[in-house]
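Worksheet for the structure shown next.
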Amino acid sequence: MPHPGLPRTPPGTGTPNLPGQPLSRPNHPFQEEIPPDVQPEPPLAHCSHIILKMGSLPKRKCSTALAQKCWLHPLPSPHSLAEHRTIPAEHFLPLKAMPALFTSTLSPPYFSFRKSRSARMLCRSSISSWWKSGRSPSCWSCATAAWPRPGSRDVRLSKKRRNLLPNMKKNRGRTGRKRRRKHLKSFMDGVNCSHKLEYIKLQKWLKERGFEGTNLRPAEFWGTGRGLMATKALQAGDLVISLPEKCLLTTGTVLSSCLGGYIVKWKPRVSPLLALCTFLIAEKHAGEKSPWKPYLDVLPKTYTCPACLDHDPLFAENTGTIFNYSALEWAWCTINTRTIYMKHPHRECFSLEPDVYALAPYLDFLNHSPNVQVKAAFNKQTRSYEIRTNSQCKKYQEVFICYGPHDNQRLLLEYGFVAMDNPHSSVYVSAETLLKYFSPLDKQRKAKVAILKDHDFLENLTFGWDGPSWRLLTALKVLSLGADDFACWRRTLLGDVTSARNEQQALDTAAKICHFLIEETQHVLLQISQLKKDKENLKTHLALVEMLRSEDLKILQKSAEILCNLNLATA
Ligand SMILES: C[S@@+](CC[C@H](N)C(=O)[O-])C[C@H]1O[C@@H](n2cnc3c(N)ncnc32)[C@H](O)[C@@H]1O
């Protein structure tokens with residue numbers, strides 16, 4: 001985000017890093033139907049369970065009796081079917097509260113469905129009649145009574161069963177296959193979660209602060225977790241979101257709160273970042289009394305940033321139960337992963353660190369993709385933080401922003417995730433590794449190293465998706481200069497070809513280093529898989545490091561392939 005990410009890329013230029021930009025009100029279907037104070041009636045103890053695939057219940061078929069006696073809970077994936085029994089009763093919403101579910105094919109594909117005994121027969125007969133009528137092409141995913149095994153295809157009708165349905169025969173040809181593929185794809189797309197109470201409350205809260213609806217809604221996505229889904233196709237130049245100033249949480253918010261009076265007196269002066277952390281911790285502690293509660297309720301409870309790895313406590317003594325290390329860690333990660341970049345004038349009460357953070361509720365549900373471009377900035381006319389996309393986004397797909405042209409190491413360190421096939425990623429070659437490939441007996445070695453150091457050519461040497469970087473090759477060429485052409489080092493640094501021999505030697509050494517790094521990375525990956533078995537508590541972090549190193553391996557293998565092709569071409 002322009003979070004810590006954003007602060008690093010000034011707004012309005014290139015690809016702003018906006019981890020947490022403000023979102024407009026998601027256009028969720030149940031907005032009008034659910035009264036804000038709706039308290040779902042808990043499902044009865046004696047209930048039967050049915051899994052319904054979206055689209056299998058046409059609205060007109062949803063009788064009032066059924067609607068009044070059933071409760072639904074969306075499941076993010078068929079895998080969570082196994083966990084349905086552990087869903088707390090209060091998380092179920094009455095079916096009557098969301099008739100719009102049945103008109104939307106976008107809503108979560110699976111629901112845990114509970115109904116009272118008296119509704120059971122009605123429900124079963126209704127479902128079976130929809131089923132048999134084959135009126136809804138998606139009714140093949142409806143299963144009753146038997147609980148499907150997680151991860152299996154059994155939430156759908158078995159092939160045999162499907163074939164028994166006369167009207168489903170049309171689904172067996174190419175069109176049927178296409179239709180099924182399309183359905184399958186819809187599982188892979190996001191699962192709408194805008195109907196969850198916490199998001200409904202957040203919407204209401206944002207609306208009270210002047211936030212108008214957008215074409216986005218919160219959803220759970222495979223791979224990226226929670227994000228925002230477009231309910232309408234977005235074209236390049238479209239406004240993604242416009243979040244009014246009133247919704248932003250900045251140091252101004254902190255100073256105008258009751259905490260402000262204390263913060264201005266603190267000596268030594270605190271940084272804007274620490275002031276924001278303190279505010280977050282205090283507001284979280286205030287619970288129901290906090291005006292920011294609807295936002296705090298949707299913030300992640302934990303973070304995967306390496307900063308959250310198990311560690312010794314920062315403070316030797318216990319400094320209190322509220323402002324303890326884990327609270328600070330949570331607040332710091334919230335700010336580091338979710339704030340947008342917004343420069344505020346320096347205030348005397350703060351230390352000299354830049355005041356560039358703003359938490360942007362809802363907008364901060366936007367996930368990062370290295371392949372999109374957005375423009376993000378505070379619009380002084382509308383007094384809103386606005387994001388415009390430069391990329392297209394299809395209806396019902398996840399809307400991404402770009403937190404900046406960060407490589408995977410940076411993404412992991414700052415945001416706690418790794419982006420697959422990140423074009424900005426590269427593998428670094430240390431000076432130590434580089435120099436291992438050159439003879440210590442070379443009389444000019446010392447001079448060459450000094451030249452590279454003076455011209456800043458011993459750092460940021462990388463292998464990328466397109467092979468060794470120009471800087472790495474240049475450093476290799478300088479180190480490969482023979483005694484007779486050493487005098488040409490300036491030309492070499494500028495990119496001139498000194499000799500075919502020098503070029504070839506640099507490429508050969510690059511290939512050797514690349515293979516060394518491939519072996520090293522493979523070794524590290526083995527160690528990680530062993531550690532994952534031994535250190536259960538570090539599993540999440542190790543999985544991320546594993547992803548990072550696997551991406552490194554892919555980059556190195558690609559580089560090795562490029563170098564091999566280059567060698568073949570010059571042979
Ligand atoms: C500004 S928040 C985005 C919304 C966040 N997913 C949520 O549920 O609140 C930034 C965090 O989202 C996650 N994230 C963002 N982009 C991601 C991606 N492409 N893949 C996986 N996680 C991502 C990371 O945990 C990151 O720290």
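First listed ligand is number 1; within each ligand, the first listed atom is number 1. Source: prediction; values computed, not measured.
Considering only non-hydrogen atoms, atom 16 (N) of ligand 1 lies nearest to His368 out of Arg338, Glu414, His368. Among Glu398, Glu220, Met420, Arg226, the residue whose heavy atom sits closest to atom 9 (O) of ligand 1 is Arg226. Closest heavy-atom approach to atom 5 (C) of ligand 1 within the set Val298, Thr334, Asn367, Leu411: this belongs to Asn367.
Each of the atoms 1 (C), 3 (C) of ligand 1 lies under 4.0 Å from some heavy atom of Leu366. Taking a cut-off of under 4.0 Å to the non-hydrogen atoms of Thr337, the atoms of ligand 1 that pass are 1 (C), 10 (C), 27 (O).
Between Asp364 atom CG and Leu359 atom CG the span is 7.0 Å, to the nearest 0.5 Å. Interatomic distance, SG of Cys514 versus CD1 of Ile518, reported as 4.5 Å (0.5 Å rounding). With rounding to the nearest 0.5 angstrom, the CH2 atom of Trp292 is 7.5 Å from the SG atom of Cys247.
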request  = Evaluate side-chain contact (heavy atoms from CB on, under 4.5 Å) for Leu273 paired with Tyr357, printing each intermediate quantity in order.
outcome  = CA-CA 7 Å; Leu273 178 72; Tyr357 306 99; 4.0 Å; yes
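Close N/O approach between Thr304 and ligand 1 is not found [any backbone or side-chain N/O within under 3.5 Å].
At a heavy-atom cutoff of 4.0 Å, ligand 1 is contacted by no atom of Leu299, backbone or side chain. Contact annotation for Tyr415 and ligand 1: heavy atoms of both the backbone and the side chain come within less than 4.0 Å of the ligand.
A distance below 6.0 Å separates the ring centres of Tyr199 and Phe365.
Judged by the 6.0 Å distance and 45° axis criteria, Lys284 is positioned over the aromatic ring of Trp330.
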